[in-house]
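Here the structure is laid out as structure tokens; the discussion comes afterwards.
Heavy atoms only: backbone and side chains are in, while hydrogens, waters and symmetry mates are out. Only a predicted model underlies this, so the values are computations on that prediction, with no experimental measurement involved.
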Amino acid sequence: MASISLFLDDVLRENKPEVIDLPQNEHVLEANELVNDSVQHAVPKQNVTVASNVRELLECPVCLNAMYPPIHQCSNGHTLCSGCKPRVQDKCPTCRHELGNIRCLALEKLAASLDLPCKYQGFGCMGVYPYYSKLKHESQCSFRPYNCPYAGSECSVIGDIPSLVAHLKDDHKVDMHNGSTFNHRYVKSNPHEVENATWMLTVFSCYGQYFCLHFEAFQLGMAPVYIAFLRFMGDDTEAKNYSYSLEVGTNGRKMVWQGVPRSIRDSHRKVRDTYDGLILQRRMALFFSGGDRKELKLRVTGRIWKEQ
């Protein structure tokens with residue numbers, strides 16, 4: 001512990017806190033309580049290098065993320081972030097001693113003095129931020145990766161848009177189309193036996209962007225319904241530059257939906273559960289299917305356009 005203390009003293013002399021001072025009392029303060037407005041809107045500082053051994057000191061041994069106050073330690077000096085403490089059942093993951101409620105105030109003060117690169121540096125973000133505003137930046141960073149938009153299963157793949165498009169094509173074998181208009185037919189031979197179902201995702205390439213067309217069956221209260229909606233492969237600010245329409249019809253009757261595609265930052269469940277799309281009750285969907293109305297043979301047409 002003496003060598004660690006001497007090392008921290010040397011680091012602290014070279015990295016005087018510029019953002020905040022450590023509180024004098026020992027009450028637990030969450031990171032967001034220590035951030036003032038000037039820090040939240042800090043301008044990224046370029047070409048600032050933090051020694052890797054200092055960053056390793058602030059790395060939680062369980063989740064491997066940077067630790068933020070309160071930082072806990074065992075009686076032997078091993079540290080742990082507050083988020084992982086309940087996960088290890090109050091036992092130090094390094095030596096298995098009881099953790100108790102010991103705070104590592106030296107590391108907390110060290111953290112206050114640092115500027116760190118965004119964790120999405122590998123995706124292109126070159127910003128460096130004060131330690132306590134780093135979390136806020138990362139939650140909004142435009143370079144943060146997207147989750148795979150495939151709705152047929154829980155896919156854990158993340159990445160930028162080009163890599164996700166390749167992943168959807170190669171791994172999920174989704175339908176890929178070029179153009180801003182479409183005419184799709186969704187078929188189910190036993191619609192009365194299916195309460196929840198997801199049809200194959202379709203990806204459209206137009207205007208230099210990618211869009212995902214979803215079609216699902218689910219329960220709205222006690223009523224079985226179908227929903228069709230479009231998601232934009234990009235951020236919400238870009239999605240608002242586009243609009244789309246969906247239409248079903250037969251025998252001189254039709255229903256039309258018009259809206260703005262949702263970003264894939266929103267999960268397909270979130271879009272579905274906010275009813276942001278063309279919704280048809282099962283009986284209406286079978287009516288638009290034509291024939292004896294016992295099979296779902298629903299044709300959905302639509303188009304995508306860019307707002308001026």
Side-chain angles (χ1 to χ4, degrees), residues 15 18-20 30-32 34-69 71 79-84 87 107 110-150 154-172 203 208-212 231-241 261-271:
N15 296 274
E18 298 178 356
V19 182
I20 65 166
E30 297 299 337
N32 60 359
L34 301 174
V35 181
N36 58 34
D37 290 339
S38 62
V39 173
Q40 290 179 0
H41 301 286
V43 177
K45 299 177 182 179
Q46 301 296 332
N47 303 319
V48 179
T49 303
V50 180
S52 61
N53 54 353
V54 176
R55 276 183 278 176
E56 287 174 5
L57 279 174
L58 291 166
E59 183 180 271
C60 173
V62 177
C63 65
L64 304 182
N65 292 322
M67 294 186 289
Y68 292 82
I71 298 175
T79 54
L80 184 74
C81 77
S82 59
C84 288
R87 295 170 55 189
L107 270 187
L110 173 62
S113 71
L114 297 180
D115 292 321
L116 294 172
C118 173
K119 73 176 181 179
Y120 300 125
Q121 189 177 53
F123 289 93
C125 182
M126 302 307 295
V128 178
Y129 297 86
Y131 194 81
Y132 287 111
S133 63
K134 180 173 174 282
L135 279 180
K136 179 178 175 63
H137 161 74
E138 289 172 349
S139 69
Q140 302 170 345
C141 179
S142 59
F143 290 95
R144 69 191 190 278
Y146 298 88
N147 294 317
C148 173
Y150 189 73
E154 295 299 327
C155 182
S156 60
V157 170
I158 62 172
D160 57 18
I161 298 304
S163 65
L164 285 182
V165 170
H167 164 68
L168 288 169
K169 180 180 179 181
D170 298 336
D171 299 328
H172 292 299
V203 176
Q209 307 289 348
Y210 292 94
F211 300 82
C212 300
R231 285 199 293 165
F232 174 76
M233 295 189 69
D235 281 332
D236 185 62
T237 52
E238 295 179 88
K240 292 176 180 177
N241 295 324
R262 295 277 286 272
S263 165
I264 60 171
R265 296 282 188 206
D266 291 335
S267 69
H268 76 98
R269 281 197 180 90
K270 183 175 181 180
V271 180

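For Leu80 against Cys84, the heavy-atom pair with the smallest separation is CD1-CB, 3.9 Å. Tyr210 approaches Ile161 most closely through the heavy-atom pair CD1-CG2, 4.2 Å. Looking at every heavy atom in both residues, Arg87 comes nearest to Cys63 through NH1-CB, 4.2 Å. Taking each heavy atom of Gly159 and Phe123 in turn, the nearest pair found is CA-CE2, 4.1 Å. When all heavy atoms of Met233 and Leu168 are compared, the closest pair comes out as CE-CD1, 4.1 Å.
The distance from atom SG of Cys155 to atom CG of Leu164, rounded to the nearest 0.5 Å, is 8.5 Å. Here the CD1 atom belonging to Ile264 is positioned 12.0 Å from the CG atom belonging to Asp236, to the nearest 0.5 angstrom. If you take OG on Ser263 and NZ on Lys270, they are separated by 9.5 Å, rounding to the nearest 0.5 Å. Atoms CD1 and OH, on Ile158 and Tyr146 in that order, are 12.5 Å from each other to the nearest 0.5 Å. Note that the CE atom of Met67 and the OG1 atom of Thr79 stand 3.5 Å from one another [nearest 0.5 Å]. Here the NZ atom belonging to Lys119 is positioned 8.0 Å from the CG atom belonging to Leu135, to the nearest 0.5 angstrom.
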Subject >> side-chain hydrogen bond (donor to acceptor under 3.5 Å, both in side chains) between His137 and Tyr129, worked out >> reply: CA-CA 8 Å; His137 161 74; Tyr129 297 86; 3.2 Å; yes
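Residues Ile71 and Leu58 have side chains in contact (heavy-atom distance under 4.5 Å, counting atoms from C-beta outward). A 4.5 Å side-chain heavy-atom check between Pro145 and Asp160 finds every atom pair outside the cut-off. Side-chain contact check for Tyr120 versus Glu138: some heavy-atom pair is nearer than 4.5 Å. By the 4.5 Å heavy-atom criterion applied to side chains, His172 and Cys148 are counted as neighbours. Cys118 is not listed as a side-chain neighbour of Phe143, based on a closest heavy-atom distance of 4.5 Å or more.
Checked by atom type and distance alone, the side chain of Asp235 never pairs as donor or acceptor with a backbone atom of Glu238 at under 3.5 Å.
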